[in-house]
A.B. asks: 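Quick one: the structure is below, and I'll ask about it shortly.
Below, all heavy atoms of this structure are taken into account, side chains as well, without hydrogens, waters or symmetry copies. Numbering of ligands and ligand atoms starts at 1, following listing order.
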Amino acid sequence: MSNISSLPPELRAELLAVVGPTRLIEGGETLEALSKDFYWYSPVLERLLGTKVAAAAVRVSNLEELKAVVSACARAKVPVIPRGAGTGNYGQCVPIHGGVVIDLTPFDKVLEISPEGWFRAEPGARLATIETEARKIGWELRNMPSTWVKSSLGGYFCGGSGGIGSVTWGGIAAPDNVKSVTLMSCEETPRMIKLEGQDANPGLHTYGTTGIMVEIEMRLAPRFDYDQMLFSSPDWSKLLDWTDMAARNMQWSKRLVTMFQDPIPTYFKPLLKYFRPGEHVSLYVVDKNSADEVVASAAAAGIDCVCRLRFSDPPKPPYLSDYTFNHTSLWAIKSDPSYTYIQAGFGENFREQFQDLHAKFPGEIVFHLEWFSRRGRLGPGGKPGGDGVVVGGIPLVHFVSEARLQEIIDYCARIGVGVNNPHTYFLEDGGHHPDIEEKRALKANLDPLGLLNPGKMRTYPFNPFAEAAELSRTL
Ligand code: FAD
């Protein structure tokens with residue numbers, strides 16, 4: 001048995017009894033759409049995942065419905081794939097072995113926003129709702145993906161890592177950001193466990209393989225009104241030096257520091273009126289009270305501010321964050337489908353690393369950089385990374401072949417550029433998981449039947465749906 005492509009009749013009857021006919025989707029374009037995410041940025045994942053479809057999808061709106069659906073699937077021994085808004089990039093929501101996709105977006109209440117600076121919410125809650133509500137009482141999200149308008153909280157915790165705000169607060173898993181997560185097991189009688197603080201880390205970014213998140217508590221940051229600004233220069237090195245200095249300046253309360261090498265700005269069609277041909281652009285989102293000082297600092301370095309837009313309350317577009325993180329890749333691929341991407345972390349010698357990559361792969365790599373806080377990162381020798389920021393990013397790569405893409409990734413590793421490979425759907429191959437044993441133990445506890453998103457955790461020793469040949473290849 002390797003693929004559950006239709007519902008066993010008893011399971012179908014049970015699901016119908018729980019969610020009714022309008023929230024059980026058994027075919028058509030809606031089921032196709034609920035079986036996909038944004039894996040198609042990667043030509044490799046497009047080849048591997050393009051035809052995968054679930055047997056059915058169900059939409060659940062509360063814990064009782066979720067429990068009943070999971071219990072029925074566990075009884076039928078059918079795969080269960082939790083899903084938020086489906087904006088993941090690595091086929092995280094794609095059902096490798098068919099089964100039932102559970103759309104959690106209607107399970108979306110923001111349960112509490114504390115004046116003390118934290119919130120509690122259901123997994124389907126949209127990050128935009130939490131951000132808007134938190135801002136009303138003087139707080140904001142510490143970090144959120146550039147998809148914050150659409151993404152769910154649970155999807156961010158299980159599929160994402162950081163984004164807007166991470167230049168100050170680090171990623172989701174950085175110390176003190178997560179207050180708690182409550183996970184539900186996938187069994188005939190589902191159990192709940194609540195993991196607090198850093199104990200929750202093994203359950204983060206595990207693609208829904210280690211339990212279903214049913215409630216999340218996260219700490220908030222003090223709210224700022226921001227100026228969203230674009231800075232432009234034809235001189236890459238000059239703009240890089242200034243942007244790096246601005247990212248490291250701890251006096252300026254900032255939410256986003258991003259840099260785009262020419263021709264990336266030309267792909268941002270709605271912003272073209274701000275740009276000058278042939279120039280590189282930096283994006284800087286900073287407390288409005290520091291914005292004049294930031295502009296003056298850039299001017300002193302010979303760099304022009306070409307756009308300045310306020311972000312205040314209630315939040316409303318335009319959001320310049322719509323051009324950052326994996327939105328940058330999206331704009332580029334829309335303009336030139338030959339692009340794909342890698343996710344890179346550069347060293348303190350990032351200037352030399354850029355030169356090295358340009359020399360080795362001329363014209364093939366175009367730099368898109370993002371600055372991150374070191375909070376919670378490990379430095380050399382596995383020691384805590386300390387204060388300050390690091391330069392990472394999502395460089396664009398002109399796709400030639402899978403072999404060439406691998407050559408680029410391997411070369412990055414040789415020169416000390418860390419790559420989180422976005423061209424695999426295996427959790428372990430896509431990033432660094434020093435706590436993989438804890439993740440496996442959590443999965444063994446909460447998914448004893450191996451039904452949660454099977455096929456995504458490569459080193460989990462048992463996947464009841466894998467063919468024998470596939471098992472021997474992947475273990
Ligand atoms: P989904 O894609 O629906 O799910 C993601 C994973 O979580 C899946 O494996 C799913 O099975 C699992 N899951 C969902 N809900 C639960 C639950 N309650 N319990 C257990 N498992 C669950 N990511 C970033 O980190 N930062 C960024 O800045 C960023 N920018 C992006 C820009 C674009 C244009 C795109 C396409 C993607 C970007 N991403 C980014 C990736 C993605 O948007 C985020 O990870 C997002 O937060 C995922 O939320 P979602 O609700 O869409 O989750």
Side-chain angles (χ1 to χ4, degrees), residues 33-42 54 57 60 63 66 70 79-96 99-105 107-108 121-128 141 143-167 171-173 181-186 203-216 256 258 321-334 341 343 368 370 372 392-394 420 422 425 427 430-431 442-443 446-447 452-457:
L34 289 172
S35 303
K36 292 188 183 301
D37 62 13
F38 282 73
Y39 65 82
W40 51 265
Y41 281 25
S42 159
V60 299
L63 186 59
L66 176 63
V70 167
V80 168
I81 299 95
R83 180 184 170 96
T87 65
N89 283 114
Y90 327 119
Q92 289 145 304
C93 284
V94 176
I96 303 288
V100 174
V101 166
I102 304 183
D103 177 356
L104 293 154
T105 52
F107 181 14
D108 67 347
E122 292 177 345
R126 272 193 312 144
L127 294 165
L141 284 166
N143 57 56
M144 56 187 183
S146 63
T147 48
W148 63 283
V149 173
K150 192 175 170 202
S151 287
S152 71
L153 177 62
Y156 181 46
F157 268 50
C158 298
S161 49
I164 304 159
S166 289
V167 65
I172 302 169
V181 301
T182 303
L183 288 160
M184 197 179 92
S185 69
C186 183
L204 303 178
H205 197 78
T206 51
Y207 303 180
T209 60
T210 57
I212 302 180
M213 280 192 195
V214 294
E215 195 173 293
I216 292 169
L256 201 48
T258 309
S321 60
D322 287 353
Y323 301 87
T324 64
F325 289 92
N326 249 327
H327 271 89
T328 311
S329 325
L330 184 59
W331 287 103
I333 295 169
K334 272 202 225 161
Y341 69 120
Q343 301 175 139
H368 154 209
E370 302 280 355
F372 268 80
I394 313 184
N420 286 339
Y425 58 78
L427 174 72
L442 188 61
K443 184 168 176 65
L446 295 183
D447 185 22
L452 282 176
N453 213 352
K456 299 289 168 55
M457 194 186 271

A.B. asks: Does the side chain of L153 come within less than 4.5 Å of L127's, by heavy atoms?
C.D. replies: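 Yes, side chains in contact.
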A.B. asks: Hey, does G86 come in under 3.5 Å of ligand 1, counting only N/O atoms on both sides?
C.D. replies: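 For ligand 1, there is an N or O atom that lies under 3.5 Å from one belonging to G86.
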A.B. asks: For ligand 1, which atoms have a heavy atom of I212 less than 4.0 angstrom away?
C.D. replies: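 With I212 as reference, the close atoms of ligand 1 come out as 19 (N), 20 (C).
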A.B. asks: Mind telling me whether F372 and F325 have parallel, tilted or perpendicular rings, with 30° and 60° as the class edges?
C.D. replies: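 Perpendicular, since the angle between the ring planes exceeds 60°.
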A.B. asks: Is there a polar contact, in the sense of an N or O pair closer than 3.5 Å, between I81 and ligand 1?
C.D. replies: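 So ligand 1 has no N or O lying under 3.5 Å from an N or O of I81.
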A.B. asks: Less than 4.0 Å is my threshold; does some heavy atom of G211 fall inside it relative to ligand 1?
C.D. replies: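 Flag set, G211 near ligand 1.
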A.B. asks: Using side-chain contact (heavy atoms from CB on, under 4.5 Å), reason through R83 and L34 one step at a time and then give a plain yes or no.
C.D. replies: CA-CA 8 Å; R83 180 184 170 96; L34 289 172; 3.5 Å; yes
A.B. asks: Check this for me - ligand 1, M213, N or O atoms closer than 3.5 angstrom, yes or no?
C.D. replies: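 There is such a contact, yes.
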A.B. asks: Give yes if a backbone or side-chain nitrogen or oxygen of G84 is under 3.5 Å from a nitrogen or oxygen of ligand 1, and no if not.
C.D. replies: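 The answer is yes, given that G84 and ligand 1 share an N or O pair closer than 3.5 Å.
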A.B. asks: Check the angle between the aromatic planes of F38 and Y41 and answer parallel, tilted or perpendicular using the 30° and 60° thresholds.
C.D. replies: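 Ring orientation of F38 relative to Y41: perpendicular.
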A.B. asks: Give the residue, atom name and distance (to 0.1 Å) of the protein heavy atom nearest atom 5 (C) of ligand 1.
C.D. replies: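 Nearest protein contact, heavy atoms only, for atom 5 (C) of ligand 1 is G155 O, 3.7 Å.
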A.B. asks: Are any of the side-chain heavy atoms of N89 and P422 separated by less than 4.5 Å?
C.D. replies: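 They are not in contact (no side-chain heavy atoms under 4.5 Å apart), so the answer is no.
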A.B. asks: Return yes or no for this condition: an N or O of R83 is under 3.5 Å from an N or O of ligand 1.
C.D. replies: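 By distance alone, the answer is no.
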A.B. asks: Show which atoms of ligand 1 fall inside a sub-4.0 Å distance from at least one heavy-atom site of P123.
C.D. replies: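 Taking each heavy atom of P123 in turn, ligand 1 has 18 (N) under 4.0 Å.
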A.B. asks: I would like to know whether N326 and T87 meet side-chain contact (heavy atoms from CB on, under 4.5 Å); could you show each step before the answer?
C.D. replies: CA-CA 10 Å; N326 249 327; T87 65; over 6 Å; no
A.B. asks: For F38, counting its heavy atoms only, list the atoms of ligand 1 lying under 4.0 Å from any of them.
C.D. replies: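 So the answer, numbered in order with elements, is 36 (C).
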A.B. asks: Quick check: Y41 and ligand 1, any N/O pair under 3.5 Å apart?
C.D. replies: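 Between Y41 and ligand 1 (N or O atoms, distance only) the closest approach is not under 3.5 Å.
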A.B. asks: Which ligand 1 atoms are under 4.0 Å away from a heavy-atom of N453?
C.D. replies: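 Answer for ligand 1: 9 (O), 11 (O).
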A.B. asks: Work out which heavy atom in P82 is nearest to a heavy atom in I212; give both atom names and the distance.
C.D. replies: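 So the two residues come closest at CG-CG1, 4.1 Å.
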A.B. asks: Would one find an N or O of D37, backbone or side chain, under 3.5 Å from an N or O of ligand 1?
C.D. replies: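 No.
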A.B. asks: Can you list the atoms of ligand 1 that are under 4.0 Å from a heavy atom of C93?
C.D. replies: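 Those qualifying, in numeric order: 1 (P), 2 (O), 3 (O), 4 (O), 8 (C), 10 (C).
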A.B. asks: Just jot down the ligand 1 atoms closer than 4.0 angstrom to any heavy atom of G162, in number order.
C.D. replies: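 The atoms of ligand 1 under 4.0 Å from a heavy atom of G162 are 24 (C), 25 (O), 26 (N), 27 (C), 28 (O).
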A.B. asks: So for ligand 1, is P145 a polar contact partner (N or O within less than 3.5 Å, distance only)?
C.D. replies: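 No - when backbone and side-chain N and O of P145 are compared with those of ligand 1, no distance drops under 3.5 Å.
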A.B. asks: Do L427 and Q92 have side chains that get closer than 4.5 Å, going by heavy atoms?
C.D. replies: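 L427 vs Q92: side chains apart.
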A.B. asks: What atoms of ligand 1 come within less than 4.0 Å of a heavy atom belonging to N89?
C.D. replies: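 Heavy-atom distances to N89 below 4.0 Å select 35 (C), 36 (C), 37 (C), 38 (C), 39 (N), 41 (C).
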A.B. asks: Considering distance alone, does some N or O of F325 sit under 3.5 Å from an N or O of ligand 1?
C.D. replies: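 Such a contact does not occur with ligand 1.
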A.B. asks: Provide the number and element of each atom of ligand 1 under 4.0 Å from a heavy atom of G159.
C.D. replies: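 Contacts of ligand 1 toward G159, numbered from 1: 5 (C), 6 (C), 7 (O), 45 (O).
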